[in-house]
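Hydrogens, waters and symmetry mates are skipped; everything else that's a heavy atom, side chains included, is used. The chains referred to below are lettered A, B, ... by the order of the sequence lines, with proteins before strands, and numbering in each begins at 1.
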Amino acid sequence: MDLDFTPEEQAFREEARRWLEAHVPAPGSLASLDTPEGFEEHRRWERTMYDDRWSVVNWPAALGGRDASIVEWLVFAEEYYRVQAPKRVSQNGIFLLAPTLFEHGTNEQKARYLPPMASADEIWCQGWSEPDAGSDLAGIRSRARRDAGGWVLDGQKTWCSRGAFAEWCFAIFRSDPEAERHRGLTYFLVPMDAPGVTVRPIPQLDGETGFAEVFFEGVRVPDDQVLGGVGEGWRVAMSTAGSERGLNLRSPARYTEAAGRLLDRYVGRLAEGGEAAEAATALADRVARAYVDAEAYRLHTYWTASAVAEGQAVGAEASCNKIFWSETDLAIHGLALALGGTGSELLEPGPDGGSRPGEWLDGYLFALAGPIYAGTNEIQRNVVAERLLGLPRG
Amino acid sequence: MRFAFTEQQLELRGAVRQVLASECTPADLRALHERPPEPAAGPALGRADPGRTSARWAVLAELGAPGLLAPEAHGGLGLDEVDLTGVLEEAGRVALPEPLGESAGLVVPALAGLLELPGAGADAGADPGKVARWLGAVAHGEAVATVGGVEVGRAGPVLTTAPLDPDAQLPDAVPCRTPRVVASDRADVALLVAPGAGGGLEVHLVEAAAARRLPTPSIDGPRRPGEWEWVPSPETRLASGGAAAVLVGSLVDRGALVAASQLLGLADRMIAMAAAYAVDRKQFGRPIGSFQAVKHLLADARVRLEFARPATYRAAESIARGRPGRAAHAAMAKALASDAADLAARVALQVHGAIGYTWECDLHLFMKHTWALSASWGDAVTQRARVLAEALAGRSG
Ligand SMILES: Cc1cc2nc3c(=O)[nH]c(=O)nc-3n(C[C@H](O)[C@H](O)[C@H](O)COP(=O)(O)OP(=O)(O)OC[C@H]3O[C@@H](n4cnc5c(N)ncnc54)[C@H](O)[C@@H]3O)c2cc1C
């Protein structure tokens with residue numbers, strides 16, 4: 001066991017830091033990525049990263065990456081969050097679909113889809129949930145019918161993050177209505193501008209169009225846009241879901257960085273004295289706990305990374321992960337707001353300046369979704385109980 | 001960066017797990033719970049539990065466990081805290097009543113550390129020959145060692161040794177008492193911290209035969225805490241002044257690690273017991289483990305355990321490497337492990353229902369050890385306060 005970063009890892013960190021410091025836009029300077037302008041601004045930032053091979057560091061060099069190890073990838077994320085760099089508008093593609101493509105895609109599919117994903121020329125959204133199939137994902141009803149030379153898709157997907165602006169969608173459809181419900185599914189790669197695709201943006205509770213409903217009416221896709229085999233959709237989707245809950249989606253740097261800012265805010269309130277300081281003191285143990293949990297998540301991630309680097313598979317432990325990061329995120333942001341007292345509802349800094357509640361409020365709203373998406377935490381608890389503890393289903 | 005155990009570390013841990021499964025059964029713990037602690041006198045190993053206790057210690061000694069951290073020159077294995085944390089997790093899994101944590105994790109490194117100091121023990125005039133003798137005896141498993149006189153508070157070590165006569169001034173030749181010395185009746189020797197001259201502190205090595213030991217019964221019966229009445233003297237003194245402060249600082253970090261490691265094992269054991277019970281026990285015509293309320297209780301406990309583990313292993317690595325962050329790392333580990341084990345205990349009891357509330361069910365053997373360890377060496381709230389103080393100092397500095 002050696003928790004020192006190797007000289008190579010250290011050098012990688014320094015190179016990333018130098019590059020980021022020279023290129024990163026000022027925190028908060030891009031428009032929200034859930035607006036048309038913000039989406040394009042974020043796309044340009046991805047392109048800037050891609051041009052210097054920082055957008056997908058852990059991919060092979062031939063595809064625009066740096067062949068970075070999993071630890072280096074985590075190091076990059078730490079540097080990324082350290083400078084509060086923009087949200088990754090390509091995240092559904094690079095963090096969720098890409099690992100699935102690497103695992104299940106044909107060589108032609110990898111060559112076709114990965115490079116424009118890395119450069120953000122093509123941004124992906126995820127089309128899994130349906131109005132009547134959320135937690136019960138295997139209950140989806142959108143249909144894929146065989147047709148000469150390919151497939152015809154019909155149905156409705158919903159809650160597709162970035163769906164309002166994305167170019168492509170990775171989606172699961174029922175290709176065999178007769179089969180057992182997990183076996184009749186197929187995973188498709190669908191262009192959002194295909195004839196028959198209609199997108200209806202859905203404003204989220206912050207008022208922005210963070211996700212969308214997507215309607216499919218007689219949408220034709222060729223066979224080479226099936227990922228991982230006909231009828232294999234569930235298996236392929238579970239590999240994506242493993243990435244979503246496990247190592248990929250939520251870098252620990254997000255939480256350690258926010259926990260650090262939480263401490264700053266706590267100290268700031270203490271320094272104000274009076275009511276603010278008393279309120280802060282009352283929250284001291286909870287603040288400490290949020291900080292400790294963020295650190296525990298970071299350590300757990302490095303622990304998992306070492307196991308993966310040595311060829312072990314991440315199993316249902318990924319479900320523990322998902323519960324933990326989402327709850328830690330909520331705790332950090334909820335406490336930051338609690339430290340703000342009655343002013344925490346304000347979207348902009350109040351006349352007393354300083355604490356920028358709006359920023360924490362955004363973070364809190366974002367954190368509130370964590371226990372819902374990527375499989376709700378209740379579903380994850382079922383998985384932990386059944387798969388890690390051997391409790392009976394039902 | 002490689003955050004994983006080596007093959008050898010896993011093997012050692014596996015070997016310890018295997019022997020403890022048969023050497024430390026719930027029936028053994030039950031026997032200790034049911035036998036009242038005796039006032040002990042003289043070399044006590046084996047007295048309280050003739051046979052089983054000595055046999056267990058002998059088996060552990062055969063594996064080298066008590067001397068795991070001792071240099072090979074002193075009869076130890078020359079391994080480090082990363083090896084130790086896994087072994088102590090296994091001790092926790094069986095609620096090992098003997099003070100392996102104290103002997104192997106606290107006394108051995110303290111004595112070995114003293115011998116490495118330039119002019120060993122010169123600070124207090126401790127006899128290096130004597131230190132080496134005890135180190136060898138403890139490392140070989142010939143003597144059982146324990147620790148007392150220091151606990152963990154928000155602001156640092158809390159000294160618990162006090163003169164019998166409240167007006168007397170420590171240090172020398174003033175009879176004093178040290179409360180809550182664990183394994184009081186089986187220890188042959190104790191490392192006792194006492195207040196020193198001028199507000200400082202001192203560390204003494206006190207032979208059991210030279211102390212009057214009174215049992216102070218605990219809910220965790222087999223832990224056998226006791227009060228030691230003893231007389232500090234130049235002969236017992238190991239360190240004073242700066243050397244003693246360093247030693248006590250290290251005890252505080254190591255105590256947290258030792259307790260945290262065992263709490264991980266305890267949590268795992270209690271979750272496993274409850275999960276097994278939830279599969280067996282049927283109500284409404286189905287296993288209670290198929291009810292989601294039961295699943296979610298256990299899943300939450302499993303999640304807290306999952307995230308306490310790497311933090312504890314990191315603390316071990318930090319102490320082994322003497323990293324500057326080790327105090328905060330140990331504090332974090334203890335906070336996480338205490339919470340995880342407390343939750344596991346609470347959940348396991350709830351899942352067992354009334355049977356879990358009985359003396360007959362084994363669960364209480366593990367719950368009680370959890371309560372004791374969770375509260376010792378700084379409970380979760382205390383340790384979090386220490387983490388917060390460190391972190392704030394780090395951010396402003
Ligand atoms: C911000 C955000 C972004 C999203 N992005 C995407 C996306 O890009 N693509 C996509 O496909 N989907 C996306 N989703 C949808 C997400 O995957 C679903 O919301 C999720 O799977 C839950 O489904 P549901 O909303 O229909 O809730 P339901 O399944 O109706 O659940 C409602 C409540 O009932 C509980 N519940 C349901 N079944 C059980 C059970 N068996 N045991 C215990 N409790 C149960 C749930 O835990 C939850 O608390 C997103 C959601 C959000 C909030």
Chain B interface, residue from [options] that has the most non-hydrogen pairs under 4.5 Å:
{"options": "A:Pro392, A:Ser306, A:Ala385", "result": "A:Pro392"}
{"options": "A:Thr304, A:Ile323, A:Asn382", "result": "A:Asn382"}
{"options": "A:Leu388, A:Val384, A:Asp285, A:Val292", "result": "A:Asp285"}
{"options": "A:Ser69, A:Ala284, A:Ser319, A:Cys320", "result": "A:Cys320"}

Is chain A contacted by the side chain of [X], its backbone, both, or neither, given a heavy-atom distance below 4.5 Å?
{"X": "B:Leu297", "value": "neither"}
{"X": "B:Arg309", "value": "neither"}
{"X": "B:Asp80", "value": "neither"}
{"X": "B:Val381", "value": "both"}
{"X": "B:Leu298", "value": "both"}
{"X": "B:Glu306", "value": "both"}

Looking at A:Gly28, is its backbone amide N or carbonyl O close enough to the side chain of A:Gln84 to form a donor-acceptor pair, meaning the two atoms are under 3.5 Å apart?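 Checked: no pair found.
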
Within the distance-only criterion (no hydrogens, no angle test), does the side chain of B:Arg384 pair as donor or acceptor with the backbone N or O of A:Ala288 below 3.5 angstrom?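 Answer holds: no.
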
Residues [X] and [Y] bridged, charged N to O under 4.0 Å:
{"X": "A:Glu14", "Y": "A:Arg17", "value": "no"}
{"X": "A:Asp293", "Y": "A:Arg286", "value": "no"}
{"X": "A:Glu327", "Y": "A:Arg381", "value": "yes"}
{"X": "B:Glu317", "Y": "B:Arg323", "value": "yes"}
{"X": "B:Glu90", "Y": "B:Arg93", "value": "yes"}

Relative to chain B, which segment of A:Glu310 carries a heavy atom at a distance below 4.5 Å: side chain, backbone, both, or neither?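 When you check distances to chain B, only side chain atoms of A:Glu310 fall under 4.5 Å.
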
Chain B contact via A:Asn321 - which portion, at a heavy-atom distance below 4.5 Å: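 Both backbone and side chain.
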
Between B:Ala275, B:Pro310, B:Ala320, who has the most heavy-atom pairs with chain A when the cutoff is under 4.5 Å?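 Most pairs with chain A among the choices: B:Pro310.
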
Which of B:Asp300, B:Leu336, B:Val387 touches chain A most, by non-hydrogen pairs under 4.5 Å: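 Of the candidates given, the most pairs with chain A belong to B:Asp300.
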
Can you tell me if B:Arg314 and B:His329 form a side-chain donor-acceptor pair at under 3.5 Å?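 Per modelled atom types, B:Arg314 and B:His329 side chains form a pair under 3.5 Å.
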
Consider only side-chain N and O atoms of B:Asp379 and B:Thr382, and report whether a donor and an acceptor are under 3.5 Å apart.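 There is such a pair (donor and acceptor under 3.5 Å, judged by atom type) between the side chains of B:Asp379 and B:Thr382.
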
